A.B. asks: 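Have a look at this one.
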Amino acid sequence: MHVVISGSSGLIGGALAASLLADGHRVTRLVRREPRARADGSAEARWDPRRGAADPAVLDGADAVVGLAGAGVGDHRWTTAYRREIRESRVRGTGALAAAIGACEKPPPVFVSGSAVGYYGDTGRDEVDESAGAGDDFLAGVCRDWEAAAEGARAAGTRVVTPRFGIVVSAEGGAMGRLLPLARAGLGGRLGSGRQYWSYISLPDTVRALRHLIDTGPVSGPVNLTTPHPATNRDITATVGKTLRRPTLLAVPGFALRLALGEFADGILMSQRVVPTRLLKSGFTFEQPTFEAALKAALG
């Protein structure tokens, strides 16, 4: 296959590209700088997501396009300017890819365009799947617009899939990549009440699921990329402490998180009990279905 990927410098995109290359597939990485040769054998092509510009010739005839680009939601405090960056980096970039697919002489058969479980907002203790409606907070609005931007590719006959990512368990990046060093230092502990549910997935299962979505023709629309076993922050914290053999007695109250992180703290403190109904029905099986298994895979 020939797969074009935006966001390949990120945690998920980099792992997906490596997996595809290891199996002998061709990968073209969309980059914002001048393209250069890569030792791993992948190609590079320039695009400008800020301007909403992508070259249809790069996508023409590809077997799949995977859109994973977007500013990190936890990289900065959510000032007005950074909130705009979070939204526009996703919506404009995704819209550019959808428009480029529409302009292809031979459109790619599938466009896998990222989203997140933030779509659902705070679900409390209620278990939700893809049939649930959107939340009403900032991230839910971003996810709604992000997914809508991908829909333009359908007019070209391209199958559009919007994986809604949960917390990706990895020591190399993402939320767990930041929390694990603290836990190793004995500073791990529940965040807020600890009763909020976190919906997670291991990095290897994330890559396997994305490749499954590329290959599985009938699947389109939103698909939750989380395991069937969401867990509370308290239970996740206890598992991390047990696995690393470090204390987890320290707790960080919600007000302290908000002082340190601003509005982003609300995303950490909200409860999202999300399950992957459509992924399971499509025949996907998890290799790391529990948090303990996902954590052990992350730690090697």
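If you're wondering where the values come from, they're calculated on a predicted model, not measured in any experiment. All residue numbers refer to positions in the sequence shown, counting from 1.
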A.B. asks: Provide the closest heavy-atom pair for G194 versus T232 in the form atom of the first, atom of the second, distance.
C.D. replies: O-CB, 3.5 Å
A.B. asks: Indicate whether any N or O donor in one side chain lies under 3.5 Å from an N or O acceptor in the other, for D126 and T123.
C.D. replies: no
A.B. asks: Would you check, one step at a time, whether the test side chain to side chain contact (heavy atoms under 4.5 Å, CB included) holds for T248 with R190?
C.D. replies: CA-CA 7 Å; T248 56; R190 62 175 172 80; over 6 Å; no
A.B. asks: Taking the side chain as everything from C-beta on, heavy atoms only, tell me whether L280 gets closer than 4.5 Å to P228.
C.D. replies: yes
A.B. asks: For the atom pair CG (L187) and CG (L249), what is the distance rounded to the nearest 0.5 Å?
C.D. replies: 11.5 Å
A.B. asks: Measure the CZ-CG distance between R195 and D235 for me, rounded to the nearest 0.5 Å.
C.D. replies: 12.5 Å
A.B. asks: With no hydrogens and no angle check, just 3.5 Å: does a side-chain donor-acceptor pair link S115 and E147?
C.D. replies: yes
A.B. asks: Atom CD1 of I167 and atom CD1 of I268: how far apart are they, to the nearest 0.5 Å?
C.D. replies: 8.5 Å
A.B. asks: Linking I/L/V/M/F/W/Y whenever their side-chain heavy atoms sit closer than 4.5 Å, directly or via other members, would L16 and L21 fall into one cluster?
C.D. replies: yes
A.B. asks: May I ask you to decide if E130's main-chain N or O and R278's side chain share a donor-acceptor pair within less than 3.5 Å?
C.D. replies: no
A.B. asks: Between H212 and L279, does the side chain to side chain contact (heavy atoms under 4.5 Å, CB included) criterion hold? Intermediate values first, please.
C.D. replies: CA-CA 9 Å; H212 174 80; L279 187 61; 4.0 Å; yes
A.B. asks: Hey, what do you get for OG1 (T206) to CG (L11), rounding to the nearest 0.5 Å?
C.D. replies: 8.0 Å
A.B. asks: Ignoring hydrogens, what is the shortest heavy-atom contact between G192 and L269? Give both atom names and the distance.
C.D. replies: CA-CD2, 3.7 Å
A.B. asks: Check the pair R46 / D55 against side chain to side chain contact (heavy atoms under 4.5 Å, CB included), numbers first and verdict last.
C.D. replies: CA-CA 8 Å; R46 194 166 190 174; D55 185 357; over 6 Å; no
A.B. asks: Which Ile, Leu, Val, Met, Phe, Trp or Tyr residues join Y120 in one cluster when any pair of side-chain heavy atoms under 4.5 Å counts as a link?
C.D. replies: V117, Y119, V128, V274
A.B. asks: Taking a hydrophobic cluster as the set of Ile, Leu, Val, Met, Phe, Trp and Tyr residues connected by side-chain heavy atoms closer than 4.5 Å, whether directly or through intermediates, do F284 and V207 fall within one such cluster?
C.D. replies: yes
A.B. asks: Give a yes or no on whether a salt bridge exists between R87 and D145, defined as a side-chain N under 4.0 angstrom from a carboxylate O.
C.D. replies: yes
A.B. asks: If I compare all heavy atoms of Y200 with all of H229, which pair ends up nearest, and what's the gap?
C.D. replies: OH-O, 2.7 Å
A.B. asks: What are the two closest non-hydrogen atoms of F165 and L210, and how far apart are they?
C.D. replies: CZ-CD2, 3.9 Å
A.B. asks: L203 and L179: same hydrophobic cluster, using ILVMFWY side-chain contacts below 4.5 Å?
C.D. replies: no
A.B. asks: Any non-hydrogen side-chain atom of R164 less than 4.5 Å from a side-chain atom of T226?
C.D. replies: no
A.B. asks: Could you walk me through whether D63 and R26 pass salt bridge (charged side-chain N to carboxylate O under 4.0 Å, His left out), step by step?
C.D. replies: CA-CA 10 Å; D63 296 286; R26 291 173 55 209; over 6 Å; no
A.B. asks: Quick one: do D75 and R178 make a salt bridge, cutoff under 4.0 Å?
C.D. replies: yes
A.B. asks: From E127 CD over to T277 OG1, what is the distance, rounded to the nearest 0.5 angstrom?
C.D. replies: 7.5 Å
A.B. asks: Ignoring hydrogens, what is the shortest heavy-atom contact between V27 and I5? Give both atom names and the distance.
C.D. replies: CG1-CD1, 4.0 Å
A.B. asks: Same hydrophobic cluster for I214 and I12, using side-chain heavy-atom links shorter than 4.5 Å among ILVMFWY?
C.D. replies: yes
A.B. asks: With rounding to the nearest 0.5 Å, note down the distance linking CG in N224 to OG in S199.
C.D. replies: 8.0 Å
A.B. asks: Output side-chain donor-acceptor pairs under 3.5 Å for residues 91-114, partner residues at least two apart or in another chain, one line each.
C.D. replies:
from, atom 1, to, atom 2, distance (Å)
R92, NH1, R50, O, 2.8
T94, OG1, R90, O, 2.7
T94, OG1, W146, NE1, 3.3

A.B. asks: Indicate yes or no: at least one non-hydrogen side-chain atom of M270 is less than 4.5 angstrom from one of D137.
C.D. replies: yes
A.B. asks: At their closest point, which heavy atom of R184 faces which heavy atom of L244, and how far apart are they?
C.D. replies: CG-CD1, 3.8 Å
A.B. asks: Give a yes-or-no answer on whether the side chains of S19 and R211 include a donor-acceptor pair shorter than 3.5 Å.
C.D. replies: yes
A.B. asks: Considering only NZ, NE, NH1 and NH2 on the basic side and carboxylate oxygens on the acidic side, decide whether R83 and E263 come within less than 4.0 Å.
C.D. replies: yes
A.B. asks: Please check if the number of heavy atoms outside R245 that lie under 6.0 Å from its CZ is greater than 12.
C.D. replies: no
A.B. asks: Answer yes or no: is there an ion pair linking D40 with R29, defined by an N-O contact shorter than 4.0 Å?
C.D. replies: yes
A.B. asks: Counting only heavy atoms from other residues, nucleotides and ligands, does the tally under 6.0 Å from CZ of R38 exceed 12?
C.D. replies: yes
A.B. asks: Would you list the atom pairs, donor with acceptor, under 3.5 Å between side chains in residues 286-300 and any protein atom, with sequence neighbours excluded?
C.D. replies:
from, atom 1, to, atom 2, distance (Å)
Q288, OE1, S202, OG, 2.6
T290, OG1, A293, N, 3.2
E292, OE2, K296, NZ, 3.4

A.B. asks: State, with a plain yes or no, whether a side-chain heavy atom of E44 is found less than 4.5 Å away from one of V31.
C.D. replies: yes
A.B. asks: Yes or no on side chain to side chain contact (heavy atoms under 4.5 Å, CB included) for L191 and Q196, after CA distance, side-chain angles and deciding distance?
C.D. replies: CA-CA 9 Å; L191 303 177; Q196 69 272 29; 4.2 Å; yes
A.B. asks: Walk me through it: do D129 and S131 pass the test side-chain hydrogen bond (donor to acceptor under 3.5 Å, both in side chains)?
C.D. replies: CA-CA 5 Å; D129 65 9; S131 64; 2.6 Å; yes
A.B. asks: Given the rule that I, L, V, M, F, W and Y join up when any side-chain heavy atoms are under 4.5 Å apart, are V160 and V66 in one cluster?
C.D. replies: no
A.B. asks: Report yes if some heavy atom in the side chain of D205 is under 4.5 Å from a heavy atom in the side chain of T227; otherwise report no.
C.D. replies: no
A.B. asks: Are any of the side-chain heavy atoms of Q272 and Y197 separated by less than 4.5 Å?
C.D. replies: no
A.B. asks: Do W47 and V58 have side-chain heavy atoms sitting under 4.5 Å apart?
C.D. replies: no
